[in-house]
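One structure below.
Order of appearance sets the numbers: ligands from 1, and atoms from 1 within every ligand.
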Amino acid sequence: MAGSTHQSLNTVADELFDKYLLPKAALVVILAASLIGTVLSARLAGTGALALAVLKCSYFVSLGVLLGGLLWKHGFVRPADLGTGAAEYCAQMYDRFDRLAIAAVVILIPSTAIVLGFVYNSSRVNPLFRGVLGVLVIGLVVCTLVDVLRADPIEQRFRTVSGVAALGFAIAVVILTASAEVALVGRGLLAASVRAVHLLAFTVWVGGAVWNIFVAVPSGQAQPTVPVIRAAGEQLERFRWAVRFIIPTLVLTGIYQAVDALGTQPSTYFGTLVGQAVLTKVGLIALLMVIFLTCPMWRACSPIDGVCDLADLERSSPPAAPEEGGTDD
Ligand code: HEM
């Protein structure tokens with residue numbers, strides 16, 4: 001009996017932690033779609049060299065790792081998780097993310113300098129605006145480092161002032177970056193808002209995918225206990241909800257930008273390189289949708305399908321005894 005409970009627990013753990021080939025494939029597709037996005041944007045704005053577009057992509061990805069990761073750290077992980085015996089798991093996740101965040105900062109600093117110095121160094125982008133963007137990036141770097149370098153007990157690392165401020169700075173940096181991009185092609189407020197939403201959706205997605213693969217899964221694999229699986233499943237479910245909004249948001253804002261820049265003539269899309277880049281992005285988001293719907297790990301947690309790993313877990317394990325002093329979110 002004890003053996004079968006142990007086995008089904010392991011099965012749940014495998015479902016949750018081991019079937020992550022598809023999420024890894026999704027991350028590669030997200031990165032490919034972003035690179036095509038920055039190349040496309042550079043072509044449309046006439047800001048040139050492929051190397052600069054690649055560098056801008058690394059600027060966006062490092063921003064995304066920080067924004068999406070901070071959102072998971074201070075949003076999807078909840079204080080309630082600590083009251084269910086998953087404190088050590090959360091501490092491990094924090095340590096892993098903190099190391100990743102430092103790496104992201106190391107990439108963000110030089111890529112910001114290059115983006116500000118070579119891409120936005122145009123008469124169309126107000127120098128004051130560039131200065132504000134630089135100051136916001138400095139705010140993001142400082143707050144992130146204060147947040148990740150603190151050695152406090154895990155309970156005091158949730159929703160810290162520095163962490164929430166870093167998240168605020170990251171959002172502001174993405175919005176201002178979108179405005180700078182749109183200023184390069186002389187468009188107005190609506191175009192800037194649409195680009196900001198496109199970029200925010202992308203950064204939340206890439207950062208969340210990186211957290212899931214490089215932070216949540218290895219930490220969970222190290223200790224697949226019932227409270228850990230339960231906490232991990234709940235956090236993953238919160239991210240899945242975010243992805244349900246991110247996919248249609250990227251499609252709608254992407255199509256708006258494509259029509260705004262290239263019009264609606266099919267020949268433009270099939271007959272030019274930029275048009276084919278847009279079509280490739282449509283193909284990539286379709287692939288991401290297929291991955292999202294068919295990925296066993298994600299589907300297993302879906303309330304839409306009615307099949308849920310957490311429900312399996314409840315069946316295979318006795319209900320957790322209520323813990324004293326557990327906090328709610
Ligand atoms: C239906 C799907 C999509 C379409 C039609 C689309 C369309 C576009 C267009 C037209 C641009 C260039 C905007 C301009 O410079 O005027 C762009 C930029 C971009 N897109 Fe998408 N996109 C789609 C999906 C995605 C996905 C799935 C991602 C990543 C998860 C993504 C990330 C980006 C990024 C990072 C940029 C660069 C923005 C910049 O350099 O300022 N897009 N997209």
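- The backbone N or O of Phe76 lies less than 3.5 Å from no partner atom in the side chain of Gln235, so there is not a single donor-acceptor pair.
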| message | Evaluate Val148 against Lys73 for side-chain contact (heavy atoms from CB on, under 4.5 Å), listing each step before the verdict. | response | CA-CA 11 Å; Val148 303; Lys73 182 175 180 180; 4.3 Å; yes

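- Heavy atoms from other residues, nucleotides or ligands lying under 6.0 Å from OH of Tyr269 number more than 12.
- The side-chain tip of Arg244 points at the ring of Trp241 from less than 6.0 angstrom away and within 45° of straight on.
- The aromatic rings of Tyr94 and Phe158 sit perpendicular to each other, their planes meeting at more than 60°, with 30° as the lower class boundary.
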| How far apart are the C-alpha atoms of Thr177 and Tyr59, what are their side-chain angles, what is the distance that settles it, and do they pass the side-chain hydrogen bond (donor to acceptor under 3.5 Å, both in side chains) test? | CA-CA 10 Å; Thr177 300; Tyr59 167 79; 2.8 Å; yes

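- For ligand 1, the protein residues within 4.0 angstrom (heavy atoms only) are Ile30, Ala33, Ser34, Gly37, Thr38, Leu40, Ser41, Leu44, Lys56, Phe60, Glu181, Arg195, His198, Leu199, Phe202, Leu250, Val251, Gly254, Ile255, Gln257, Ala258, Lys281, Val282, Ile285.
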